[in-house]
Participant: 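Below: one structure in structure tokens.
Positions are given from 1 along the sequence.
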Amino acid sequence: MSGIAKGAAGPIPAPRRDYAHVRAIVTSPAFLPGIAIAGGILAAFWDLLRTLPELYLDNDGYYSHGFFLPLTAIYVIHKNWPKLKTLPVKPAYWVLAPLLATFLLLRVVTITEMFAFMSIMLAASMLLGVWFVAGLRWMKAVTLPILYLLLGLPIWSMAINTYTNPLQLLSTKAAYTLLELTGFRPYRDGTTIRLNHFNLDVGIPCSGLKLVVALTAFTAFFMMIARLRAWANVLLAALILPMALLFNGLRIAAIGMVGEIWGEAAGRQFHDYSGYLMLIVCFFTFFKLARWLGWKD
């Protein structure tokens with residue numbers, strides 16, 4: 001069958017996929033150096049990168065959202081590609097010197113397993129790599145998506161140690177209030193909520209800090225792609241903590257309700273997967289908020 005269709009105005013060419021942008025990337029003078037630099041960064045930071053899947057899959061960890069961050073960073077770059085592809089490629093070969101110095105310093109840091117410092121060096125190496133192969137304008141254009149990846153890297157230990165206990169207490173109070181409002185008769189003792197047939201021990205993993213980190217990642221993503229006004233971005237950022245406390249309190253209260261009504265085994269089973277469910281709820285809540293604040297795309 002012919003690939004040409006006939007119409008009233010004459011033959012209509014069959015639709016054809018345009019691969020010009022792919023050819024432009026492959027033939028770019030930055031392509032082969034970029035592959036080499038990417039391979040070098042992967043090899044240099046392998047000790048850090050190989051720990052990330054276990055970090056993300058840890059039920060009691062703070063990085064359950066980590067798998068989504070590379071995908072969303074790539075999506076941000078894809079959204080900005082019509083503008084990015086117009087930037088001239090001007091390699092800055094002198095940047096190879098600080099990049100190699102970063103790799104040498106990394107050898108010392110790797111021995112001490114300072115993963116927070118290694119995470120910062122990984123982001124710095126990626127920025128230097130882009131600068132080396134494509135130029136300063138390209139580096140500036142992709143700075144936000146690259147720094148965004150830090151939200152999924154283990155650099156938050158100090159914040160976790162500082163804010164876990166206050167958030168643990170606030171989340172317990174929020175869950176206690178929600179249980180009271182829904183007709184249950186809870187009794188609170190510190191971070192423990194006692195019901196008639198089920199007890200809730202709000203431990204460190206349930207403090208709400210995991211949700212704060214995840215909501216920060218979601219909010220940063222929406223800020224990068226929604227192009228909201230400054231006041232709307234400030235409002236989204238200001239909502240992170242109260243929304244995290246609300247949703248975490250709701251999750252804890254829901255675990256208590258399930259355990260009280262259907263038994264301890266059901267409550268503990270709901271506890272195991274409710275964290276992922278709450279992440280999905282939070283994502284769509286902030287998605288709707290961004291839409292309401294003016295995101296039209």
Participant: Checking Arg251 side chain against His271 main chain: does a donor-acceptor pair fall under 3.5 Å?
Facilitator: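 Side chain of Arg251 to backbone of His271: a pair is present.
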Participant: How close do Gly249 and Ala174 get, counting heavy atoms only, and between which atoms?
Facilitator: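 Shortest heavy-atom separation between Gly249 and Ala174 comes out as CA-CB, 4.0 Å.
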Participant: Could you tell me the separation between the CG atom of Leu52 and the OG atom of Ser119, rounded to the nearest 0.5 Å?
Facilitator: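 Reported value, rounded in 0.5 Å steps: 7.5 Å.
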Participant: Using only atom types and a distance under 3.5 Å, with no angle test, would you say the side chain of Ser171 pairs donor to acceptor with the backbone of Ser207?
Facilitator: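 Yes; at least one donor-acceptor contact below 3.5 Å.
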Participant: Do Glu180 and Pro186 have side-chain heavy atoms sitting under 4.5 Å apart?
Facilitator: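 In contact.
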Participant: Do the side chains of Ile74 and Leu151 join up, straight or via other hydrophobic residues, at under 4.5 Å, putting them in one cluster?
Facilitator: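 They do not share one cluster, since no chain of ILVMFWY contacts under 4.5 Å joins Ile74 to Leu151.
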Participant: Which pair of heavy atoms, one from Thr172 and one from Gly190, lies closest together, and at what distance?
Facilitator: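 Minimum heavy-atom contact is CG2-O, 3.6 Å.
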Participant: Going only through I, L, V, M, F, W and Y residues with side-chain contacts under 4.5 Å, is there a path from Met126 to Trp94?
Facilitator: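 Same cluster: Met126 reaches Trp94 through Ile, Leu, Val, Met, Phe, Trp or Tyr contacts under 4.5 Å.
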Participant: Any donor-acceptor pair under 3.5 Å linking the side chain of Arg268 with the backbone of Phe270?
Facilitator: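 Side chain of Arg268 to backbone of Phe270, a donor-acceptor pair under 3.5 Å: no, none is there.
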Participant: Any side-chain heavy-atom pair from Trp262 and Met257 closer than 4.5 angstrom?
Facilitator: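 When only atoms from C-beta onward are counted, Met257 and Trp262 do not touch, as no gap falls below 4.5 Å.
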Participant: Apply ring pair (Phe, Tyr, Trp, His ring centres under 6.0 Å) to Phe221 and list each qualifying residue two or more places apart in sequence or on a separate chain.
Facilitator: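 Partners of Phe221 under the ring pair (Phe, Tyr, Trp, His ring centres under 6.0 Å) test: none.
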Participant: Would you say that Phe184 contacts Asn196 through its side chain, given a criterion of any heavy-atom pair below 4.5 Å between the two side chains?
Facilitator: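 Not in contact.
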Participant: Between Ile255 and Phe198, is any pair of side-chain heavy atoms under 4.5 Å apart?
Facilitator: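 Yes, at least one pair of side-chain atoms sits under 4.5 Å.
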Participant: Please confirm whether the backbone N or O of Lys83 pairs with a side-chain atom of Thr86, one donor and one acceptor, at under 3.5 Å?
Facilitator: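 Here the side-chain-to-backbone pair exists.
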Participant: Go through the steps to decide whether Gln269 and Val258 satisfy the test side chain to side chain contact (heavy atoms under 4.5 Å, CB included), and finish with yes or no.
Facilitator: CA-CA 9 Å; Gln269 186 177 17; Val258 171; over 6 Å; no
Participant: Taking side chain as C-beta onward, heavy atoms only, is Phe132 less than 4.5 Å from Pro91?
Facilitator: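 Heavy-atom side-chain distance check fails, nothing below 4.5 Å.
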Participant: Taking the side chain as every heavy atom from C-beta outward, state whether Lys173 and Arg188 have any atom pair closer than 4.5 Å.
Facilitator: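 SC-SC contact between Lys173 and Arg188 confirmed.
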Participant: Looking at Tyr75 and Ile225, what are the two nearest heavy atoms and their distance?
Facilitator: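 That would be CE2-CD1, 4.1 Å.
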Participant: I'd like to know whether Trp138 forms a side chain to side chain contact (heavy atoms under 4.5 Å, CB included) with Val89, so could you lay out the CA-CA distance, the side-chain angles of the two residues, the decisive distance to 0.1 Å, and finally the verdict.
Facilitator: CA-CA 8 Å; Trp138 270 87; Val89 175; 4.0 Å; yes
Participant: State plainly whether one hydrophobic cluster holds both Leu100 and Val130, where clusters connect Ile, Leu, Val, Met, Phe, Trp and Tyr through side-chain heavy atoms under 4.5 angstrom apart.
Facilitator: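 The answer is yes; both residues are in one hydrophobic cluster.
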Participant: Pair Phe103, Ile41 - check side chain to side chain contact (heavy atoms under 4.5 Å, CB included), show working.
Facilitator: CA-CA 8 Å; Phe103 288 168; Ile41 291 175; 3.9 Å; yes
Participant: I'd like to know if the side chain of Asn248 and the backbone of Leu211 have a donor-acceptor N/O pair within less than 3.5 Å.
Facilitator: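 A pair under 3.5 Å: no.
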Participant: Decide side chain to side chain contact (heavy atoms under 4.5 Å, CB included) for Leu127 and Leu147; before the verdict, give the C-alpha distance in whole Å, the side-chain angles of both, and the deciding distance to 0.1 Å.
Facilitator: CA-CA 9 Å; Leu127 290 172; Leu147 293 182; 4.2 Å; yes
Participant: Could you give the distance from CG (Leu250) to OG (Ser274), rounded to the nearest 0.5 Å?
Facilitator: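 Reported value, rounded in 0.5 Å steps: 10.0 Å.
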Participant: Answer yes if Ile193 and Met278 sit in the same cluster of Ile, Leu, Val, Met, Phe, Trp and Tyr residues linked by side chain heavy atoms under 4.5 Å apart, and no otherwise.
Facilitator: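 As far as the 4.5 Å side-chain criterion goes, Met278 and Ile193 are not connected within one cluster.
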Participant: Determine whether Leu179 and Leu200 make a side-chain contact, defined as any pair of heavy atoms from C-beta on separated by less than 4.5 Å.
Facilitator: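 A side-chain contact exists here, since the closest heavy-atom pair is under 4.5 Å.
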Participant: Enter the distance from Arg194:CZ to Asp189:CG here, rounded to the nearest 0.5 Å.
Facilitator: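 Reported to 0.5 Å precision, the distance equals 6.0 Å.
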Participant: Is any side-chain heavy atom of Ile37 less than 4.5 Å from a side-chain heavy atom of Leu99?
Facilitator: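 With C-beta onward as the side chain, the pair touches.
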Participant: Please check this pair: side chain of His65 against backbone of Leu215, looking for a donor-acceptor N/O pair closer than 3.5 Å.
Facilitator: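 Here the side-chain-to-backbone pair does not exist.
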Participant: Atom CG in Leu167, atom CG in Leu209: separation rounded to 0.5 Å?
Facilitator: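 Rounded to the nearest 0.5 Å, the CG-CG separation comes out at 5.5 Å.
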Participant: So which heavy atom on Ser64 is nearest to which on Tyr276, and how close?
Facilitator: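 Smallest interatomic distance, heavy atoms only, reads CB-CE2, 4.1 Å.
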Participant: Answer with yes or no whether the hydrophobic clustering places Val108 together with Ile155; edges join I, L, V, M, F, W, Y residues whose side-chain heavy atoms lie under 4.5 Å apart.
Facilitator: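 No.
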Participant: How close do Thr102 and Met121 get, heavy atom to heavy atom, and via which atoms?
Facilitator: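 What the structure gives for the nearest pair is O-CE, 3.2 Å.
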Participant: Do side-chain atoms of Gln168 reach the backbone of Val202 as a donor and acceptor pair under 3.5 angstrom?
Facilitator: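 Such a contact is found between Gln168 side chain and Val202 backbone.
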Participant: More than 12 foreign heavy atoms under 6.0 Å from CZ of Phe284: is that the case here?
Facilitator: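 Counting other residues, nucleotides and ligands, CZ of Phe284 stays at 12 neighbours or fewer.
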Participant: In Å, rounded to the nearest 0.5 Å, how long is the span from CG of Leu144 to CG of Leu149?
Facilitator: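 Rounded to the nearest 0.5 Å, the CG-CG separation comes out at 11.5 Å.
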Participant: With a sphere of 6.0 Å drawn around CZ of Arg291, does it hold more than 12 non-hydrogen atoms of other residues, nucleotides or ligands?
Facilitator: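 It does: Arg291 CZ has more than 12 such atoms within range.
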Participant: Can you see whether Tyr187 engages Thr192 through a side-chain donor-acceptor pair at a distance of less than 3.5 angstrom?
Facilitator: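 Absent: no donor and acceptor within the cut-off.
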Participant: Could you label the plane-to-plane angle of the Tyr63 and Tyr56 rings as parallel, tilted or perpendicular, counting under 30° as parallel and over 60° as perpendicular?
Facilitator: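 Tilted, since the angle between the ring planes falls between 30° and 60°.
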Participant: Out of curiosity, Leu170 CG to Thr191 OG1, how far, rounded to the nearest 0.5 Å?
Facilitator: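 With rounding to 0.5 Å, CG (Leu170) is 12.0 Å from OG1 (Thr191).
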Participant: Which of parallel (below 30°), tilted (30 to 60°) and perpendicular (above 60°) describes Phe283 and Phe287?
Facilitator: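 Answer is parallel, since the angle falls under 30°.
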Participant: Apply ring pair (Phe, Tyr, Trp, His ring centres under 6.0 Å) to Trp231 and list each qualifying residue two or more places apart in sequence or on a separate chain.
Facilitator: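 Partners of Trp231 under the ring pair (Phe, Tyr, Trp, His ring centres under 6.0 Å) test: none.
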Participant: On a heavy-atom basis, which atom in Leu228 and which in Leu293 lie closest, and how many Å separate them?
Facilitator: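 Scanning both residues, the minimum pair turns out to be CD2-O, 3.8 Å.
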